[in-house]
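Working notes for the structure below.
Atoms within a ligand are numbered from 1 in the order they appear, just like the ligands themselves.
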Amino acid sequence: MPPYSPKIGDSLASLDTPSMIVDLDLMESNLAKLMSQLLPTGINIRPHLKTTKSALLAKRLVAAGAKGGCVAKLSEAEVMCAKGFSDLLITCEIIGAPKVQRLVALFREYRSIRIVVDSEEGAKAIDEALGQSGIGEPITTLIDLDVGLHRTGVQPGEAALKLARFVASRKNLRLIGLQGYEGHLQHIHGLEGRKKLCLESMAILTQTAEALRNDGHAIEVVTTGGTGTAEFCVTVPGVTEVQPGSFLFMDTDYRNAVGSHNYSNSLTILSTVISKQGPKTVTIDAGLKSLTTDSGLAECKTKGYVYGVLGDEHGSLTWEDEAGSGGLELKVGDRVEMIPSHIDPTINLHDVYYAHRKGVIEEIWPVDARGKVQ
Ligand code: PLP
Ligand code: MN
């Protein structure tokens with residue numbers, strides 16, 4: 001036995017820190033909320049697995065009603081397939097010879113892989129490589145459409161029609177639909193404003209789908225949406241699929257935008273106070289390598305403390321009241337739970353999830369696709 005090896009049935013108190021922990025009651029309630037809200041609409045739920053990077057959780061989402069999953073990157077798809085989960089849409093464009101070769105190798109084994117393209121160059125390279133592979137079966141392909149995010153995606157109108165004709169003309173690509181992700185709207189505060197802008201993006205998406213159909217293409221899949229917008233996307237006729245990811249665990253950025261009435265923060269980083277730096281300041285063992293800061297600073301789950309970054313490995317917690325007077329005093333050795341500000345890149349910093357119920361570890365899940373950014 002290694003000197004430290006956490007097991008099922010251990011208490012959170014016995015875990016070393018920093019550790020990524022999941023409150024199973026809260027996570028299950030987030031999942032039940034999403035499914036009960038979205039499944040009755042009949043829309044396909046294809047959760048984005050860039051959040052969890054876990055094949056085990058992908059299977060759990062499917063058991064709850066999801067159909068397939070999305071991954072951002074080809075390397076995530078490779079990991080998920082190897083772990084027995086291959087009903088996947090890769091939502092980023094696959095560009096460059098090394099990636100195209102890897103895609104061909106993956107598709108040879110797993111024919112259920114779906115891809116998106118937004119350029120003739122990209123589509124042509126994949127078509128040619130598949131042609132040379134001798135696989136003899138076209139890969140399921142969606143046109144990625146820019147619905148306002150201006151990240152990837154062909155422009156609506158003539159450009160989309162031209163690309164669709166190009167894809168349809170390639171023997172090794174089978175055009176089945178459109179992806180239009182409105183990522184710029186996910187975190188807009190206020191339900192009404194977010195809904196209005198989302199419906200505008202959905203109009204671009206569904207009108208383009210209609211234009212492609214009128215041009216003779218069989219557009220069966222229209223996929224879109226994230227945690228902040230899925231509830232609006234599913235109300236739009238013509239949308240067939242949504243891709244929420246963060247809802248399972250949430251983060252402070254999403255909580256502030258979407259509101260706590262919706263989903264709870266079910267994942268935290270358990271951390272230890274390792275030094276006292278004054279009457280109202282302590283240092284904890286979670287810094288930039290445990291909690292990302294691109295979307296603001298993490299929050300302590302216990303109210304009253306303010307987090308600050310003290311570098312790669314350290315953070316500070318400060319409080320207002322005099323030490324001891326408001327019951328806020330933290331001492332060396334105390335434990336705190338930190339709520340990440342941005343869930344996806346924070347998970348990517350950790351090897352495993354410790355999933356607990358009321359403080360007792362029930363499951364330990366690897367972050368299978370950790371670091372898979374290619
Ligand atoms: N779809 C695509 C293409 C994405 O890039 C993302 C996240 O960035 C999502 C869906 C899921 O969004 P969220 O995690 O905000 O629910
Ligand atoms: Mn994110």
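Between Leu267 and Val22, the shortest heavy-atom distance links the atoms CD1-CG2, 4.0 Å. Across every non-hydrogen atom of Gly245 and Thr227, the tightest pair is N-OG1, 3.7 Å.
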Test side chain to side chain donor-acceptor pair (under 3.5 Å) applied to Glu337 and Thr268, step by step: CA-CA 6 Å; Glu337 287 183 46; Thr268 53; 2.7 Å; yes
Side chain to side chain donor-acceptor pair (under 3.5 Å) between Asp23 and Ser266, intermediate numbers included: CA-CA 5 Å; Asp23 183 322; Ser266 62; over 6 Å; no
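Neighbouring protein atoms of the Mn ion (ligand 2) (N, O or S, distance under 2.8 Å, waters ignored): His342 NE2, Asp344 OD1.
Linking ILVMFWY residues whenever their side-chain heavy atoms come closer than 4.5 Å, directly or via other members, places Ile343 and Met20 in the same cluster. A single hydrophobic cluster is seen to contain both Ile94 and Ile135, as judged by linkage of ILVMFWY side chains at heavy-atom distances under 4.5 Å, directly or through other members.
Ring geometry, Tyr353 versus Phe249: the interplanar angle falls from 30° to 60°, so the pair is classed tilted.
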One pair per line, please: each N/O atom of ligand 1 matched with every protein N/O atom under 3.5 Å away, atom names first, then the distance to 0.1 Å.
from	atom 1	to	atom 2	distance (Å)
ligand 1	1 (N)	Gln243	OE1	2.6
ligand 1	5 (O)	Arg151	NH2	3.0
ligand 1	8 (O)	Lys50	NZ	2.8
ligand 1	12 (O)	Tyr181	OH	3.3
ligand 1	14 (O)	Ser246	N	3.0
ligand 1	14 (O)	Ser246	OG	2.6
ligand 1	15 (O)	Tyr254	OH	2.5
ligand 1	16 (O)	Thr227	N	2.8
ligand 1	16 (O)	Thr227	OG1	2.6
ligand 1	16 (O)	Gly245	N	2.8
ligand 1	16 (O)	Ser246	N	3.2

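The structure places CG of Asp215 at 4.0 Å from CZ of Arg165, a figure rounded to the nearest 0.5 Å.
In terms of modelled atom types and a separation under 3.5 Å, the side chain of Asn30 and the main chain of Phe247 share a donor-acceptor contact.
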